[in-house]
Amino acid sequence: MEIEKSYNPKEAEETHYERWEKNGCFAPEINENPDAVPFSIVIPPPNVTGSLHMGHALQHTIMDVLTRWKRMQGFKTLWLPGTDHAGISTQLQVTKKLLKEEKKTRWDLGREEFTKRVWDWKRQYGGEITRQIRREGASVDWSRERFTMDKSLSKAVREVFCSLFEQGWIYRGKRIVNWCPKDKTVLSDLEVKEETRKDGKLVYLQYPIKNSTRKLTVATTRPETMLGDSAVAVNPKDVRYSDLIGEIILLPLTNREIPIVADEYVDAEFGTGAVKITPAHDPNDYELGLRHNLPQIVVMNDDATMNAVAGTDFNGLDRYIARAKVIEKFDELGLLEKIDDYEISLPCCERCKTVLEPILSEQWFVKMDEMRDIALNLMKTENSPRFSPEVPHTKVYTNWLENLKDWTISRQLWWGHQIPAWYDDLGNVFVARTFEQAKAKAQNANLTQDEDVLDTWFSSGLWAFSTFGWNEKRDTETRRNGDKENVFSAGKFLKVSESDLDVFCPTDVLVTGRDIIFLWVSRMVMMTKKFVDKKPFNDVIITGTVLDKNGQRMSKTKGNGVDPLDVFEKYGVDATRLTLAGSSTGADFRWRDENVEQNRNFANKIWNATRFCLLNSEGAKVDHSSLILDENASIADKWIISRLNKTAINVNKELEKYQFHTAVNLLYHFFWDDFCDWYIELVKDEISSGNLQENEGQTTNDKGQARTRIITILEVALRMLHPFMPFLTEELWLKLPYTSSNLHHEAYKNAPQTIMLTSFPLGDLSAIDEKAEAEMQAVIELISKVRNIRAEMSIKPSERLSLHVSADGDLQKVFADNKARILKIARASNLILSETLNAPKASAKAALSRGAELAIPLEGLIDFDKERTRLENQVAKLEIEGSRLSGQLSNEGFVKQAPAEKVVELQERLIEIESQTKALNLNLEALK
RNA sequence: AGCCGAUUAGCUCAAUUGGAAGAGCAUUUGAUUUACAUUCAAAAGGUUAAAGGUUCAAAUCCUUUAUCGGCUACCA
């Protein structure tokens with residue numbers, strides 16, 4: 001068989017995905033077992049404008065590992081993909097393009113035409129992220145791909161909106177909201193990003209008091225808002241001002257008179273202890289204004305210029321120009337007391353970074369009282385969702401819920417789900433699922449629909465059930481037209497008698513980042529419980545953040561992002577996936593190409609191990625019966641099969657706990673250390689020499705058996721690696737002799753052959769052979785000691801050594817059984833076994849476990865000083881450990897209270913150390 | 001301001017309920033009749049940020065401090 005000397009990922013990546021997808025391997029229908037247990041994940045829908053970043057790559061890797069692992073276990077597995085319409089982002093993108101190419105604004109086009117353009121844009125460019133997801137090898141079911149503005153999902157949005165409105169959980173009202181003057185829309189609290197500015201100013205303004213010469217000084221960071229002041233407030237306990245409560249202020253620059261009120265909200269310690277109150281432009285002032293029945297005076301337009309109410313001097317001025325002018329005018333009037341430097345944090349637009357303006361505005365809100373209780377109750381009564389890692393996310397999630405405020409859901413955009421509310425000429429509102437229903441309610445009055453759309457997160461909040469055809473007629477729309485031909489047709493499609501919603505909701509696990517726990521995770525919990533009376537998911541895996549090599553967050557503005565696609569190009573998809581999966585669950589980690597390089601090397605190692613097996617595969621085939629050993633099997637075989645099964649058991653155990661990095665570690669060391677470095681080396685002679693000729697004392701049948709065994713072990717290892725490294729393992733698995741769909745898990749018997757449908761090795765407890773592992777350990781120790789002596793005594797590798805080993809009878813037998821292998825790997829010519837050590841003085845010596853000793857005669861080669869130093873170093877090491885152990889064992893408390901097996905373990909170790917020390921010391925004596 | 005996390009070998013990170021501190025990279029030394037130099041072998045490298053406490057036993061639990069990071073709220 002022709003096989004390249006090193007792994008080139010490109011070819012595998014280009015061919016296998018397409019074939020898997022075409023054969024329907026990703027769809028749950030590939031599973032032929034009618035009783036299969038479902039396993040499902042919904043992808044956190046990336047923005048349709050987005051392109052893949054490391055965060056996605058990390059999350060997708062974890063989801064794909066879980067999906068492939070469960071699929072190989074015979075679960076009816078669905079990983080549902082899709083994208084989010086991403087209101088603001090997408091609208092911005094198209095707006096920019098429009099301006100650049102046609103010098104037009106969205107208003108030039110009008111709503112209908114503009115929206116059409118966005119759809120065109122989506123069709124043209126929106127597929128990028130989905131192509132990238134394919135590139136990652138993600139085994140998502142494309143036949144169920146969803147978009148948040150699909151017909152059925154939009155219908156779900158309307159249904160939820162109307163239903164919540166009817167129950168009074170959605171309301172329309174005037175509140176202080178976060179207004180972005182650039183995007184000209186309101187934002188929810190979660191879309192506000194605080195930014196600290198060191199160059200802030202605190203301006204002290206003097207307000208004259210009516211019928212008095214006194215002035216009251218207020219401090220403000222936003223002087224322009226004074227034009228909308230409707231009171232000044234002081235603390236009722238503040239003796240400085242108690243006589244002023246109830247007095248009237250003559251508000252400068254306006255012709256208004258405003259009262260001085262007393263309110264506990266005011267902190268007497270801060271500033272002057274007197275606060276200007278602008279109910280229409282500050283959330284606290286708004287609340288205070290309600291308590292004191294103050295007028296709400298809006299002085300700004302939606303682009304943060306001042307309006308007519310601000311007065312003719314200010315009308316039309318930008319807020320910052322108006323601010324300067326207010327200060328200037330106060331200065332002219334002699335009412336500017338002072339300006340202090342003041343570090344301030346300003347609310348900014350998450351997307352465009354513009355400083356937001358708190359402004360009184362009429363918007364739609366979701367009342368969160370009941371919603372919060374839904375989520376809190378689930379957490380309290382069922383510990384749901386189960387976060388992984390649990391600390392700190394459960395606590396953070398719960399704390400946040402406890403302090404939750406109402407959610408602003410309207411957005412002044414055109415791209416999104418337009419709010420299903422209509423107004424008649426008198427301003428009466430009619431909320432309805434369709435225009436017709438609204439007309440009926442309004443008795444055919446002249447209706448106009450609300451201009452606003454819903455927050456993107458409103459529709460994403462329904463993702464865990466709207467994607468499964470909720471509120472749709474069953475058996476329709478859940479599967480799209482045209483995709484049926486693409487799906488594997490030899491396998492029986494299940495008759496869709498139950499809907500996807502019944503089968504796949506709740507999903508098993510959600511994998512996402514910390515940043516959207518509140519924005520998305522919490523809302524899915526509430527909405528799903530509320531509307532389908534189910535949990536959206538059982539578990540939530542919160543991934544860490546991928547940082548750059550300096551520990552900084554990757555960001556576009558900093559330009560320090562690492563593009564996953566570049567890494568794929570350079571090192572291959574599988575190496576990248578393994579690197580991501582190898583990061584510890586939930587912890588941030590710094591990206592280093594060196595780590596991927598290491599995994600690229602690992603991929604090459606797997607390639608070459610397979611290459612070796614294939615070059616010696618005449619007469620061999622993948623045959624799992626070859627892994628069942630009889631009593632006469634060699635220690636090496638018993639050992640590797642024990643290790644294989646132990647690895648399988650532990651990998652499954654770790655994956656169950658979402659400890660991906662531990663699983664990766666186990667597989668890496670099993671494959672590289674156990675399988676390649678030891679097993680292949682140990683059995684090399686038995687299986688190699690190209691054709692099936694007999695070696696000394698070996699029959700062709702023995703050789704075929706040995707070849708079958710190693711190739712079968714390899715096959716099992718490839719299966720275990722498959723969820724992490726799908727392309728490489730598929731490429732190699734298909735090359736193994738006699739692989740076919742006969743090797744599939746029984747749920748996939750009729751599917752075209754692929755490793756992804758074989759069964760994931762679970763490991764067999766009865767195949768674990770601790771005795772063989774211990775015996776092999778002794779062989780490994782012996783060889784390691786020989787290598788150590790060789791290296792430390794600077795003995796040429798070509799020098800064939802004679803090994804004198806003293807050991808008890810059992811151990812002698814182990815060494816004798818493996819004599820040929822030991823001689824080969826240790827590059828020795830002779831192995832002399834005896835009860836007591838009998839070697840010339842000019843020997844290098846080492847103490848082995850279980851009282852065994854090694855001596856290598858080095859007549860003429862030995863440097864006695866060097867040998868003495870070497871032995872002394874070893875004695876010193878043992879003594880440090882020995883004295884710690886004997887200290888511990890002479891501690892009564894330890895002996896009494898520690899678990900008995902622990903005490904025994906230490907005692908045995910101490911005896912071992914003592915015997916080795918004794919042996920080494922005797923050797924030292926002999927050298928003096 | 002509050003809450004949370006992190007601090008382990010030169011670097012990047014592990015360490016399952018408290019029970020002999022481990023990998024990979026980098027370093028040093030040696031190896032090329034080989035499945036793989038994207039390789040193999042060997043060595044060296046630690047007062048687990050600091051101080052105190054609980055315990056027979058602490059990287060792990062508690063207290064304090066320092067540095068870094070995150071989140072939430074608010075500062076008129």
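Please read all numbers here as calculations on a predicted model, not as lab measurements. Order of the sequence lines sets the chain letters (A, B, ...), proteins ahead of strands, with each chain counted from 1.
In this structure, the nucleotide among B:C13, B:U72, B:C75 sitting nearest to the side chain of A:L190 is B:U72. Here the nucleotide nearest the side chain of A:R592, chosen from B:U72, B:U12, B:C3, is B:U12. Which of B:C4, B:A42, B:C74 sits closest to the side chain of A:N284 comes down to B:C74. Which of B:C56, B:G70, B:C75 sits closest to the side chain of A:F894 comes down to B:C56. Closest approach to the A:V391 side chain among B:G5, B:U39, B:A20 is made by B:G5 (side chain taken as heavy atoms from C-beta onward). Of the candidate nucleotides B:U72, B:A42, B:U38, B:U38 has the atom lying nearest to any side-chain atom of A:N604. Distances were taken from every side-chain heavy atom of A:N891 (C-beta onward) to each of B:A20, B:C56, B:A14; the shortest belongs to B:C56. For A:E681, counting side-chain heavy atoms from C-beta on, the closest listed nucleotide (B:A35, B:C40, B:U16) is B:A35. Residue A:F518 has its side chain nearest to B:U72 when only B:C25, B:U72, B:C40 are considered. The side chain of A:E881 sits closest to B:A20 out of B:U12, B:G70, B:A20.
B:A73 atom P lies 16 Å from atom CD1 of A:I344, rounded to whole Å. Summarising the geometry, the separation between CD1 on A:I789 and C1' on B:A41 is reported as 14 Å, rounded to the nearest angstrom. Note: OH (A:Y658) to P (B:A14) measures 20 Å, nearest angstrom. Atom C1' of nucleotide B:C74 and atom CG of A:L202 are separated by 15 Å, given to the nearest angstrom. With rounding to whole Å, A:F660 atom CZ is found 16 Å from B:U16 atom C1'. We find that CD of A:E799 is positioned 15 Å from C1' of B:G30, with the value rounded to whole Å. The CZ atom of A:F602 sits 17 Å away from the P atom of B:A37 (whole-angstrom rounding).
In this structure, A:K605 is not positioned above the aromatic face of A:Y7 in the sense of NZ or CZ being under 6.0 Å from the six-membered ring centre and within 45° of the axis. A cation-pi arrangement is not found for A:K201 relative to A:Y342, the charged atom failing to lie both closer than 6.0 Å to the ring centre and inside a 45° cone about the ring normal.
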* To do: Under the salt bridge (charged side-chain N to carboxylate O under 4.0 Å, His left out) rule, what do A:E731 and A:K735 come out as? Steps first, then yes or no, please.
  => CA-CA 7 Å; A:E731 180 76 14; A:K735 291 188 197 301; 3.6 Å; yes

**Q.** A:L858 and A:I795: CA distance, side-chain angles, deciding distance, side chain to side chain contact (heavy atoms under 4.5 Å, CB included) verdict
**A.** CA-CA 9 Å; A:L858 293 172; A:I795 294 161; 3.6 Å; yes

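Among the atoms of the strands shown, only primed sugar atoms or phosphate atoms (P, OP1, OP2) are found under 4.0 Å from some heavy atom of A:K5. Within 4.0 Å of A:A898, counting heavy atoms only, lies at least one base atom of the nucleic acid. Backbone-only engagement by A:T221 is indicated by non-hydrogen atom pairs under 4.0 Å involving sugar-phosphate atoms exclusively. Using a 4.0 Å heavy-atom distance criterion, A:W672 is classed as a sugar-phosphate-only contact. Using a 4.0 Å heavy-atom criterion, one finds that A:K785 contacts no nucleic acid atom at all. Using a 4.0 Å heavy-atom cutoff across all strands shown, A:D267 reaches at least one base atom of the nucleic acid. Within 4.0 Å (heavy atoms only), A:R553 reaches sugar-phosphate atoms of the nucleic acid but no base atom. Using a 4.0 Å heavy-atom criterion, one finds that A:C676 contacts the bases of the nucleic acid, with or without backbone contacts as well. Residue contacts for A:E792: at a heavy-atom cut-off of 4.0 Å it reaches the sugar-phosphate backbone alone, with no base atom in range. Across all strands, A:A587 comes closer than 4.0 Å only to sugar-phosphate atoms, never to a base (heavy-atom distances). Among the atoms of the strands shown, base atoms are found under 4.0 Å from some heavy atom of A:R909. Backbone-only engagement by A:Q598 is indicated by non-hydrogen atom pairs under 4.0 Å involving sugar-phosphate atoms exclusively.
Residues A:D267 and A:N235 bring no donor and acceptor atom of their side chains to less than 3.5 Å of each other. Of the N and O atoms on the side chains of A:E912 and A:Q916, at least one donor lies less than 3.5 Å from an acceptor on the other residue.
Between A:R222 and A:E357 there is a salt bridge, since a side-chain N of the basic residue sits under 4.0 Å from a carboxylate O of the acidic one.
Base pairing annotation: B:C25 forms a Watson-Crick or G-U wobble pair with B:G10, both donor-acceptor distances under 3.5 Å. The partner of B:U63 is B:A51, by the rule that a Watson-Crick or G-U pair needs both atom distances under 3.5 Å. Using Watson-Crick or G-U wobble geometry with both donor-acceptor distances under 3.5 Å, B:C56 finds its partner in B:G19. The partner of B:C40 is B:G30, by the rule that a Watson-Crick or G-U pair needs both atom distances under 3.5 Å. With a cut-off of 3.5 Å on both pairing distances, the Watson-Crick or G-U wobble partner of B:U72 is B:A1.
Listed pair A:K877 / B:A44 meets the phosphate criterion, a side-chain N or O lying under 4.0 Å from OP1 or OP2. Using a 4.0 Å cut-off, no side-chain N or O of A:K896 falls inside it from OP1 or OP2 of B:C56. Of the side-chain N and O atoms in A:K405, one or more sit less than 4.0 angstrom from OP1 or OP2 of B:C74. Residue A:K395 places no side-chain N or O under 4.0 Å from the OP1 or OP2 atom of B:G5. Phosphate proximity of B:A15 to A:H661: present, with a side-chain N or O under 4.0 Å from OP1 or OP2. When the side-chain nitrogen and oxygen atoms of A:K605 are compared with OP1 and OP2 of B:C40, one or more of them lie within a distance under 4.0 Å. Considering only side-chain N and O atoms, A:S584 lies under 4.0 angstrom from the phosphate OP1 or OP2 of B:A14. Side-chain N/O atoms of A:K684 include one lying less than 4.0 angstrom from OP1 or OP2 on B:A35. Close to B:A73, at under 4.0 Å from its OP1 or OP2, lies no side-chain N or O of A:W400. Using a 4.0 Å cut-off, no side-chain N or O of A:N665 falls inside it from OP1 or OP2 of B:A15. Contact annotation: A:N608 does not reach the phosphate of B:U39 (side-chain N/O to OP1 or OP2, under 4.0 Å).
Between B:C56 and B:U47, the distance separating the two P atoms is 27 Å to the nearest Å. If you take atom P in B:U27 and the same atom in B:U38, they sit 15 Å apart, rounded to whole Å. Separation of the C1' atoms belonging to B:G46 and B:C11 is 15 Å when rounded to the nearest angstrom. Taking the C1' atoms as reference points, B:A9 lies 10 Å from B:G22, given to the whole Å. Spacing of C1' atoms, B:G69 relative to B:U55, comes out at 32 Å, to the nearest Å. Between B:A50 and B:A6, the two C1' atoms lie 16 Å apart (nearest whole Å). Nucleotides B:U8 and B:A15, compared at atom C1', are 10 Å apart to the nearest Å. Remark: the separation of the P atoms in B:A59 and B:G53 is 15 Å, to the nearest Å.
Scanning atom types as modelled, one donor and one acceptor separated by under 3.5 angstrom connect the side chain of A:S345 and the base of B:C74. For A:R787 against B:A42, no side-chain N or O and base N or O form a donor-acceptor pair under 3.5 Å.
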